[in-house]
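Naming convention: chains lettered A, B, ... in sequence-line order (proteins, then strands); numbering from 1 in each chain.
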Amino acid sequence: MSQRSLFDAEPPAWEIDAQSMVLAATVVLPSGPPGEFDYAIPDTMADPRKPDVYVEPGRRVRAPLGRGNRPVVGYCVAVGPKPSSPSRPLKPLRGVLDPVSLVSPSMLRLTRWMADHYLTPWGQVLEGVVPSGVRGRAGTRDVTLLSVPTKVAARLTGLELPPKQADVLQALAASSKPLSLKQLAMRVGCTTAPINALRKRGLIESRVERLATDGLLAEDVAVERQPAKRLNPDQARTLDTILAAVDAGEHETILVHGVTGSGKTEVYLQAIERVVSFGRQAIVLVPEISLTPQTVGRFRERFDRIAVLHSHQSDVERHRQWRRIAAGDVEVVVGARSAVFAPTPHLGLVVIDEEHETTFKQDTAPRYHARDVALERTRAEGVPLVLASATPSLEAWRCSQPGAPERFRLASMPRRIGDLPMPAVRVVDLRVDGESRGAISRPLYQAMDQALRDDGQIILLLNRRGYSTHVQCPACGYALKCDHCDVAMTFHRQDNAVVCHWCDYRSAPPTVCPDCRSPRIRYGGMGTQKLEAEVNARFRGVSVTRMDADTMRRPGSHETALDAFRHGETRILLGTQMIAKGLDFPNVTLVGVISADSALNLPDFRAAERTFQLVTQVAGRTGRGERGGRVIVQTFDPDHPAILAAVRHDYERFASEELPARRALGYPPFGVMARIIARGASEPLLTAYLDQVAETLKRAVQEAGAKVRLVGPAPAPITRLRGEFRRHLQMHSPSGDAVRAALRAGWLPIKPPEGVRSVVDIDPTDML
DNA sequence: AGCACGCCGACT
DNA sequence: GTCGGCGTGCTC
């Protein structure tokens with residue numbers, strides 16, 4: 001059916017109010033009312049030959065909203081005929097903001113899915129997905145270009161003009177290309193007055209063009225190209241599995257479970273080469289922390305045109321990359337979480353490296369998980385998705401096992417490249433060997449001493465930054481907490497201050513107990529700063545580098561530190577989890593885990609999984625060269641299944657022990673979880689609000705006969721943050737749709753009172 | 001989210 | 001009588 005016939009359709013005779021069909025745009029708003037609104041498209045905005053003011057899906061438009069017709073900006077998400085009646089006519093759009101569509105039809109469908117899945121208004125999802133630099137066309141500016149019309153140029157000499165104006169016209173006619181107002185004034189040596197006079201007379205014509213303000217930015221650094229590496233049998237098999245999906249041209253999810261050092265990267269590089277040879281693009285998501293020049297360099301060695309997207313880019317740079325990608329000028333997009341929205345015109349493959357990392361979950365609205373969004377996107381676009389990890393998330397793992405609702409194909413790479421052995425792991429029971437009062441037990445000290453004498457390098461992991469992790473008074477039991485948060489203050493010796501790691505509140509370190517004035521106040525607990533001091537004291541003359549959020553503040557400091565370690569200028573690298581992932585230094589012969597159980601007692605059902613991942617990942621940093629490597633794991637809980645499994649590099653053992661426990665409690669991956677977090681200055685108000693939500697939710701669940709279990713409301717594990725109280729309510733269900741239905745019926749309609757903010761987190765990764 | 005509409009108290 | 005308080009509900 002042609003569009004014309006829709007317009008010609010007669011309104012039904014029984015319709016009292018004569019309806020007619022008008023061309024309308026459906027608009028969603030980035031803030032304000034969450035619904036969809038239809039507006040009539042004026043004829044002036046329906047002409048594709050006028051691209052600057054053409055309304056199409058994916059562009060932003062100006063529209064009048066409400067009885068006062070206050071002007072708002074929204075995203076056009078659809079265009080089509082809509083009924084309009086004289087009693088309730090559609091209001092017309094006021095204008096078009098974007099000269100091109102910012103969101104492709106497939107990306108509109110994806111964001112629509114996110115809006116439903118995460119209970120976030122569609123407009124807010126779009127606002128969170130289109131970078132602000134793209135919206136504002138950062139790095140470009142409207143420039144008025146002046147030229148002499150050909151008709152005028154022909155009779156230039158016959159014109160009677162004041163002297164300045166004659167000069168201006170002469171100069172512009174002589175110019176080979178159009179000039180801006182400023183350029184022309186400069187060339188003639190006059191003000192803009194005579195130029196404007198000529199424009200008014202029609203002797204100079206002008207047009208507006210959008211130009212880059214800075215010309216071309218520095219192009220990609222040329223890197224020497226490297227050929228594909230030879231694959232071992234495990235790698236070849238895995239590549240075949242991926243290529244079979246690529247060649248079939250269908251969606252399939254492949255979980256690549258390869259131990260640390262098994263060469264997963266080379267496999268997906270070669271898979272991408274195939275995809276690129278078809279003229280399609282690939283997206284590779286990596287955790288932000290590993291988006292280093294080294295990682296990016298590996299892609300530059302293999303592909304001519306890559307785009308990098310990460311959160312520390314300027315608006316101008318992000319806009320430029322976005323345009324390159326959208327224009328099809330890029331073969332591979334490498335980026336953090338948000339690169340899953342890269343506007344590739346012909347997507348052929350998505351890879352998520354270190355799939356288990358929690359940084360793929362965004363912790364502000366829209367609270368999406370890049371893995372789940374990638375799954376949805378690749379399914380919709382009919383292309384394969386590769387998830388790669390040495391320690392897959394249990395969510396991904398379960399999907400690779402029989403009986404799961406979602407089926408991933410599993411490709412295992414159980415051996416390291418070159419048949420290098422996995423490093424031997426020794427557990428040090430701190431209940432027995434922790435007598436030395438410091439961070440380094442005797443067995444670890446001896447191993448470090450040995451490694452240094454053998455000319456090896458050492459990595460020490462301690463997942464707490466600062467010097468002392470708590471300040472406590474033995475006399476009265478007082479523990480120093482942040483004034484604004486329910487969190488212990490950490491002493492930082494470098495700044496000589498106690499610091500809150502959640503809100504960055506700082507104050508002077510107390511010398512007496514603030515509560516009972518006892519001078520015996522104690523600074524306890526081990527942070528990376530104290531560990532560094534201990535290493536320096538016990539290994540005099542050995543170069544040590546500490547890597548944590550405090551030493552890595554400046555851009556580039558990450559690279560500097562790692563380069564120094566790579567070149568052997570640093571013998572001991574110590575730090576938080578940022579040193580646990582992805583590093584590949586063959587000379588590291590010892591890894592020490594100072595406290596393997598530090599994350600084990602967090603109030604989080606994933607504590608064991610996190611611990612297993614962290615210990616396994618950091619253990620994988622050694623034994624990557626011919627010299628082998630060993631790992632020392634210090635713990636107060638040496639019999640914990642997660643630590644035992646990590647010690648044996650045995651992922652499947654960990655999974656087979658942890659999954660039944662999750663199943664018994666209905667936790668992910670066997671059930672879907674949602675969390676309502678409410679915060680506000682008044683605790684009673686919070687409690688009243690969340691109790692009411694719980695009540696309406698309970699009723700909604702009952703009426704629907706749904707299997708949804710409510711836990712709480714209760715104070716959140718961090719009861720106070722930045723001066724606000726926090727309470728939460730958890731929901732568990734075998735069905736995500738049941739959870740969403742309950743939230744739509746029992747949470748959305750309850751408006752929080754003034755001073756209370758309420759958010760929903762679907763599939764939360766963080767329980768604090 | 002913002003803004004018009006509504007229905008009750010102290011003022012010219 | 002009416003100016004304005006902010007509770008309520010709608011926005012194509």
Side-chain angles (χ1 to χ4, degrees), chain A residues 3 6-7 9 11-12 15-46 53-97 103 108 111-112 115-116 118-130 132 135 364-367 676-682 685 688-689 692-693 696 724 743-760:
Chain A
Q3 276 211 327
L6 281 165
F7 286 97
E15 192 69 71
I16 302 155
D17 201 2
Q19 278 194 354
S20 59
M21 300 300 262
V22 297
L23 188 62
T26 305
V27 175
V28 296
L29 308 175
S31 64
E36 300 176 9
F37 301 95
D38 293 331
Y39 288 91
I41 301 177
D43 291 344
T44 52
M45 300 181 203
V53 289
Y54 180 58
V55 175
E56 63 179 335
R59 295 206 205 193
R60 286 169 307 157
V61 291
R62 255 189 291 275
L65 184 72
R67 279 174 285 208
N69 286 327
R70 105 192 118 91
V72 295
V73 168
Y75 289 81
C76 171
V77 293
V79 168
K82 283 280 151 89
S84 176
S85 63
S87 66
R88 206 170 184 286
L90 292 181
K91 294 181 190 177
L93 287 177
R94 292 265 165 87
V96 183
L97 261 87
V103 191
L108 282 171
T111 50
R112 175 70 215 270
D116 288 342
Y118 297 106
L119 284 109
T120 305
W122 194 358
Q124 203 184 328
V125 174
L126 287 165
E127 194 81 346
V129 156
V130 178
S132 69
R135 290 198 298 266
T364 55
R367 298 169 170 263
I676 300 171
I677 307 135
R679 58 188 169 89
S682 156
L685 217 53
Y689 161 73
Q692 192 198 347
V693 169
T696 50
E724 287 184 313
L743 284 165
R744 265 186 259 277
W747 172 73
L748 268 186
I750 311 291
K751 227 179 84 183
E754 183 83 31
V756 173
R757 313 217 132 225
S758 178
V759 297
V760 153

*Asks:* In whole Å, what is the span from the CG atom of A:Leu29 to the P atom of B:dC3?
*Replies:* 14 Å
*Asks:* Rounding to a whole Å, what distance do you find between A:Asn69:CG and C:dT11:C1'?
*Replies:* 10 Å
*Asks:* For A:Arg135 and A:Arg60, work out which heavy atoms get closest and say how close.
*Replies:*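 Taking A:Arg135 first and A:Arg60 second, the nearest heavy atoms are O-NH2, 3.0 Å.
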*Asks:* In whole angstrom, give the distance that lies between atom CZ of A:Phe37 and atom P of C:dT11.
*Replies:*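 Value for this atom pair: 8 Å.
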*Asks:* Please determine whether a side-chain nitrogen or oxygen atom of A:Arg88 lies at a distance below 4.0 Å from atom OP1 or OP2 of C:dC10.
*Replies:* no
*Asks:* Rounded off to whole Å, could you give me the CZ-to-C1' distance for the A:Arg67 and B:dG2 pair?
*Replies:* 11 Å
*Asks:* Give one of base, sugar-phosphate or nothing for A:Pro34, where a contact means two heavy atoms less than 4.0 Å apart.
*Replies:*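 The answer is nothing, as A:Pro34 stays clear of every strand by at least 4.0 Å.
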*Asks:* Between A:Gly68 and A:Arg757, who's closer to the 5' end of DNA chain B by nearest nucleotide?
*Replies:*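 Here A:Arg757 is the residue nearer the 5' end.
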*Asks:* Could you state the NZ-C1' distance from A:Lys751 to C:dG9, rounded to the nearest angstrom?
*Replies:* 9 Å
*Asks:* Find the distance A:Leu65:CG to C:dG9:P and express it as a whole number of Å.
*Replies:*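 After rounding, the reported distance stands at 18 Å.
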*Asks:* Whole angstroms only, please: what is the CD-C1' distance between A:Glu127 and B:dA1?
*Replies:* 14 Å
*Asks:* Okay, side chain of A:Ser758, backbone of A:Pro752: is any donor-acceptor separation there less than 3.5 Å?
*Replies:* no
*Asks:* Are A:Ile750 and A:Tyr689 close enough that some pair of their side-chain heavy atoms sits under 4.5 Å apart?
*Replies:* yes
*Asks:* Measure the distance from NZ on A:Lys91 to P on C:dC10 and round it to the nearest whole Å.
*Replies:* 15 Å
*Asks:* Taking A:Arg59 for the side chain and A:Tyr54 for the main chain, is one N or O donor matched with an acceptor at less than 3.5 Å?
*Replies:* yes
